[in-house]
Amino acid sequence: MDLYEHQARQLFAEHGISVPDAEVVEDPKAARAAAERLGGRVVVKAQVKVGGRGKAGGVVLAANPAATEITARQILGMNIKGHTVHALMIAQPVDIQAEFYVSYVLDRAAGRFLAIASAEGGMAIEEVAARRPEAVARIPVDPAEGVTDGKAAEIAAAAGLPARAAAVLRRLWEVVVREDALLVEVNPLVRTSGGELVALDGKVTVDDNARFRQARWGGGDSTDPQAADPIEVAARAKGLNYVKLDGEVGVIGNGAGLVMSTLDVVAGCGARPANFLDIGGGASARVMADGLSVILADPAVRSVLVNVFGGITACDAVAEGIVQALDSVRLTKPMVVRLDGNAAAEGRAILASRAHPLVEQATTMDGAARQAAALAR
Ligand code: GDP
Ligand code: MN
């Protein structure tokens, strides 16, 4: 889950990192009032979960409250890389002497975090990283050791940041740990004319697996539906585990292990899974209908493979679920169903008697995957 800049700003402040005074508003009049409270001259910043707002015209300096209102009217409703601006952060302007880049990002392959830092931060950081990679320091961070004073000093020195940036680096690491972040990025971290280091922009990605203890961000209102895959959002709302992949066979199965091996078998048949959905143990009609509608919403799906091994939930109950789901969801793609395990024969008979023209059955997992792969071709 990505946080908005203003939420990242709040976290930084809570961990003792300097941030500009700011308010979040949703209409031009409120923007004007905020500018009045903040001293007149302000920066108007679009709140969207995407970078490059400055280049897109979503970060604008306003000289006074009247100008703030006009600027706010221009930015609200603006579309930045597919994200509509619904809120603005009105911030006190900071006098910038230098712009730095600092971040911590989870390096899954290495099982560590990576500290990335540069003395040449700001809007051109991607170009700096591409053209002169030596200007960007990359220091591995062992999560068990964390960022000690020594480590923070090492990162600051490697990037050519002022020595006092070490304190900011230590606090940012606390944000990673306490807030269950997969990414914490400050670009720019600025040095003001007074020599202070201020986090002018922030990006924080909170691990979705930690939602249970990061409830303050909610599952709903702080998640920008436009920022995520709409099908994933719909699946999550229905309590389903849906994962988008890039092939053409939609996969539904019960249980993580069966679903994973189904993906492998589909790949082994020369097809690629378009997505997969684990409907868990109880494949009720409701869950089946929800699952089918989620899978069919993906335009890349050319065939659907339902692979269920009946256990506590027997295959006849699953088959009833599929039959009922076929009454509420219009099947638009061919579907192959493989039922095995508890009451498989009864389940197959129920499906056979429904005789849906787009539904085929298979008795083995390999056979089902071959059929689904052929139908997707
Ligand atoms: P981004 O483009 O989405 O990364 O948005 P940022 O919040 O990083 O702002 C983009 C750029 O606007 C920054 O790199 C700064 O150069 C500039 N900027 C943002 N806030 C201020 C400010 O308070 N004062 C000044 N002088 N420039 C600012
Ligand atoms: Mn930025």
Side-chain angles (χ1 to χ4, degrees), residues 2-13 17-25 31 34-65 67-68 71-72 74-105 116-130 135-136 159 161 165 168 172 175 181 183-205 224 226-227:
D2 293 340
L3 301 186
Y4 285 105
E5 177 193 21
H6 68 87
Q7 295 171 323
R9 175 188 169 278
Q10 181 188 333
L11 287 181
F12 296 166
I17 297 161
S18 296
V19 294
D21 277 346
E23 293 183 28
V24 179
V25 299
E36 267 153 16
R37 283 189 292 271
L38 290 162
R41 201 166 153 269
V42 295
V43 184
V44 181
K45 308 185 79 175
Q47 296 301 288
V48 282
K49 294 176 175 179
V50 66
R53 297 166 303 159
K55 284 181 186 164
V59 178
V60 176
L61 197 74
N64 54 55
T68 303
T71 301
Q74 284 162 353
I75 300 181
L76 281 166
M78 191 185 263
N79 185 306
I80 300 182
K81 299 179 184 170
H83 298 246
T84 307
V85 182
H86 298 295
L88 303 170
M89 191 168 95
I90 309 297
Q92 225 161 39
V94 172
D95 149 43
I96 300 177
Q97 291 290 302
E99 294 190 305
F100 308 132
Y101 175 96
V102 296
S103 69
Y104 292 111
V105 58
I116 305 176
S118 174
E120 298 176 45
M123 292 196 284
I125 187 67
E126 277 90 2
E127 282 143 57
V128 172
V136 180
L161 304 183
V168 176
L172 272 184
V175 174
L183 167 76
V184 172
E185 181 190 76
V186 184
N187 186 35
L189 172 70
V190 305
R191 193 183 69 225
T192 67
S193 48
E196 201 193 354
L197 292 175
V198 180
L200 215 59
D201 183 16
K203 180 169 182 197
V204 172
T205 304
D224 183 354
Q226 289 163 328

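Note that ligands are numbered from 1 as they come in the structure, with each ligand's atoms numbered from 1 the same way. All residue numbers refer to positions in the sequence shown, counting from 1.
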Do ligand 1 and Leu61 have nitrogen or oxygen atoms that lie under 3.5 Å from each other?
no
Considering only protein heavy atoms, which is closest to atom 19 (C) of ligand 1, and at what distance to one decimal place?
Leu200 CD2, 3.7 Å
Tyr4 versus Val24: any side-chain heavy-atom pair under 4.5 Å?
no
At a 4.0 Å threshold, what atoms of ligand 1 neighbour a non-hydrogen atom of Pro93?
23 (O)
Set out, in order, the CA-CA distance, both residues' side-chain angles and the distance that settles side chain to side chain contact (heavy atoms under 4.5 Å, CB included) for Val128 and Tyr101, then state yes or no.
CA-CA 11 Å; Val128 172; Tyr101 175 96; over 6 Å; no
NZ/Lys45 to CG/Leu88 distance, rounded to the nearest 0.5 angstrom?
11.5 Å
Would you say the side chain of Phe100 lies within less than 4.5 Å of the side chain of Leu197, judging by non-hydrogen atoms?
yes
Name of the residue among Leu183, Val184, Thr205 meeting side-chain contact (heavy atoms from CB on, under 4.5 Å) with Val105
Leu183
Got a protein heavy atom sitting under 4.0 Å from atom 17 (C) of ligand 1?
no
For ligand 1, is there an N or O atom under 3.5 Å from any N or O atom of Lys45?
yes
Quick one: look up the protein heavy atom nearest atom 2 (O) of ligand 1 and list residue, atom name and how far away it is.
Gly54 N, 2.7 Å
N/O of Val94 under 3.5 Å from N/O of ligand 1, yes or no?
yes
Mind checking whether Arg41 and Leu61 have side chains closer than 4.5 Å, heavy atoms only?
yes
Using a strict cut-off of 4.0 Å, indicate which atoms of ligand 1 neighbour a heavy atom of Met123.
10 (C), 11 (C), 14 (O)
Of all the non-hydrogen atoms in the protein, which one sits nearest to atom 5 (O) of ligand 1, and at what distance?
Arg53 NH2, 3.1 Å
Give me the nearest non-hydrogen protein atom to atom 27 (N) of ligand 1 as residue plus atom name, then the distance to 0.1 Å.
Ile96 CD1, 3.3 Å
When you measure from atom 4 (O) of ligand 1 to every protein heavy atom, which one gives the shortest distance, and what is it?
Asp201 OD2, 3.0 Å
Look at Lys55 together with Glu127 and state whether they make a salt bridge at an N to O cut-off of under 4.0 Å.
yes
Would you list the protein N, O or S atoms within less than 2.8 Å of the Mn ion (ligand 2), leaving out water?
Asn187 O, Asp201 OD2
For atom 12 (O) of ligand 1, which protein heavy atom lies nearest, and how many Å away is it?
Val59 CG1, 3.8 Å
Kindly identify the option in Met89, Glu5, Lys55, Glu99 whose heavy atom sits closest to atom 15 (C) of ligand 1.
Glu99
Side-chain contact test, heavy atoms from C-beta onward, threshold under 4.5 Å: evaluate it for Leu172 versus Tyr104 and give yes or no.
yes
Give the minimum heavy-atom separation between Ile90 and Ala35, together with the two atoms involved.
CG2-N, 4.2 Å
Sub-4.5 Å side-chain heavy-atom contact between Ile96 and Leu200
yes
Closest non-hydrogen contact found for Arg53 with Val50 is CG-O, 3.5 Å
Taking all heavy atoms of Pro65 and all of Glu36, pick out the closest pair and write down the distance.
CG-CG, 3.6 Å
